[in-house]
Amino acid sequence: MNFKTLFDLTGKNALVVGGAGGLGKLVAQAYAELGANVCIASRTESKLQAACEDLKAATGKEFKYYVMDAGKEDQVAAVAEKANADYGHIDILVNSQGVNKKFPALDFPMDQFDLVMHDDVASILMTCKHFGKYMKEHGYGKIINVTSVRGKIATKGPGNAAYCAAKGAVDMLTKQLASEFGPYGITVNAFGPNIMKTPMMTKIFEMRAKENGVTVEEYLKQQGAGLPMRRMSDPDDCVGTAVFLAAPASDFMTGNILYPDGGLTAIG
Ligand SMILES: NC(=O)c1ccc[n+]([C@@H]2O[C@H](COP(=O)([O-])OP(=O)(O)OC[C@H]3O[C@@H](n4cnc5c(N)ncnc54)[C@H](OP(=O)(O)O)[C@@H]3O)[C@@H](O)[C@H]2O)c1
């Protein structure tokens with residue numbers, strides 16, 4: 001075994017769904033810096049264009065993008081066909097898409113619950129289904145789903161009924177897909193971050209900080225104080241895990257959920 005290539009992504013082709021987002025963009029950058037050809041996909045073309053420009057400036061490499069609503073199966077099937085034709089084969093699929101809608105359970109609007117379940121769970125089945133078909137033909141694939149600590153530990157206060165249910169479902173979906181895809185040479189794993197400062201959380205942090213009469217920075221400091229690592233996560237803290245799950249180092253690992261969470265799930 002050549003241990004020097006355990007984390008080498010040279011020649012691999014990766015698609016990051018949600019790759020213009022706070023976490024997905026960093027994962028796309030890391031994969032490119034480790035040798036992969038990387039493309040990104042999400043719904044908003046202007047954000048994809050801006051992200052590709054930032055990624056090129058950061059790495060010197062070209063990034064393609066695909067406008068795709070991962071919650072619409074016809075779009076997912078079309079992008080799976082196009083990306084596999086453009087790159088020969090997509091080896092690595094990251095599902096970093098998602099939304100979070102917060103309401104107390106007693107008042108949760110069911111259309112918002114359905115929206116979260118569709119965007120955070122059904123979209124993952126759709127991308128895995130359509131990209132998985134090409135990975136099966138190729139005999140190789142690495143799928144990485146982004147879940148959350150909230151798939152494992154509920155929040156103390158109200159608000160997360162949909163998000164917790166969705167991320168718990170992502171965890172079980174990951175295990176079932178691992179079981180079904182393993183014989184085709186495809187690994188399916190997930191990682192679950194703790195809360196991080198990304199566009200998804202900006203408004204929520206502002207709201208919580210206001211409720212507590214502190215600045216966002218002070219609120220995050222307070223949230224981190226009780227963790228073993230004594231600070232909140234940055235999206236950067238998750239990149240190593242995303243690389244591990246995409247790299248040859250994890251080739252015999254499937255159906256696992258890893259937590260780059262500062263220790264929350266150890267004590268939660
Ligand atoms: N931030 C946190 O504290 C935190 C903690 C734990 C887990 N996570 C998870 O980490 C992942 C990334 O979140 P983030 O923090 O990076 O949030 P973000 O900055 O809001 O990024 C989410 C990305 O997903 C895309 N997206 C949403 N729905 C989509 C759909 N139906 N089809 C295609 N793309 C879609 C969004 O782009 P468009 O809207 O343009 O499509 C956006 O680029 C999510 O799964 C989230 O649940 C985040």
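Read the numbers this way: they start at 1 and go in the same order the structure lists the ligands and their atoms.
The closest non-hydrogen atom to atom 19 (O) of ligand 1, taken over Gly18, Gly151, Gly22, comes from Gly22. Relative to atom 33 (C) of ligand 1, the option among Met68, Lys167, Lys72, His118 with the closest non-hydrogen atom is Met68.
Residue contact check: Tyr163 has heavy atoms under 4.0 Å from atoms 6 (C), 7 (C), 8 (N), 9 (C), 46 (C), 47 (O), 48 (C) of ligand 1. Below 4.0 Å from some heavy atom of Leu23 lie the following atoms of ligand 1, by number and element: 10 (O), 16 (O).
Checked against a 3.5 angstrom limit, the closest N/O atoms of Lys47 and ligand 1 fall outside it. Distances between N or O atoms of Ser148 and those of ligand 1 include no value under 3.5 Å. Considering both main-chain and side-chain atoms, Ala70 comes within under 3.5 Å of ligand 1 through a nitrogen or oxygen pair. Checking only distances, Val99 never comes within under 3.5 Å of ligand 1, N or O to N or O.
In this structure, Phe181 and Tyr184 have tilted ring planes: the angle between them lies in the 30° to 60° band. Aromatic ring orientation, Phe113 versus Phe108: perpendicular (interplanar angle above 60°, classes split at 30° and 60°).
Neither side chain, Lys12 nor Asn37, offers a donor N or O lying under 3.5 Å from an acceptor on the other. Inspection of the Gln29 and Glu33 side chains reveals an N or O donor paired with an N or O acceptor under 3.5 Å.
Ion pairing between a basic and an acidic side chain is recognised when a charged N comes within 4.0 Å of a carboxylate O; Lys142 and Asp91 show no such pairing.
Side chain of Lys167 to backbone of Val146: a donor-acceptor contact under 3.5 angstrom is found.
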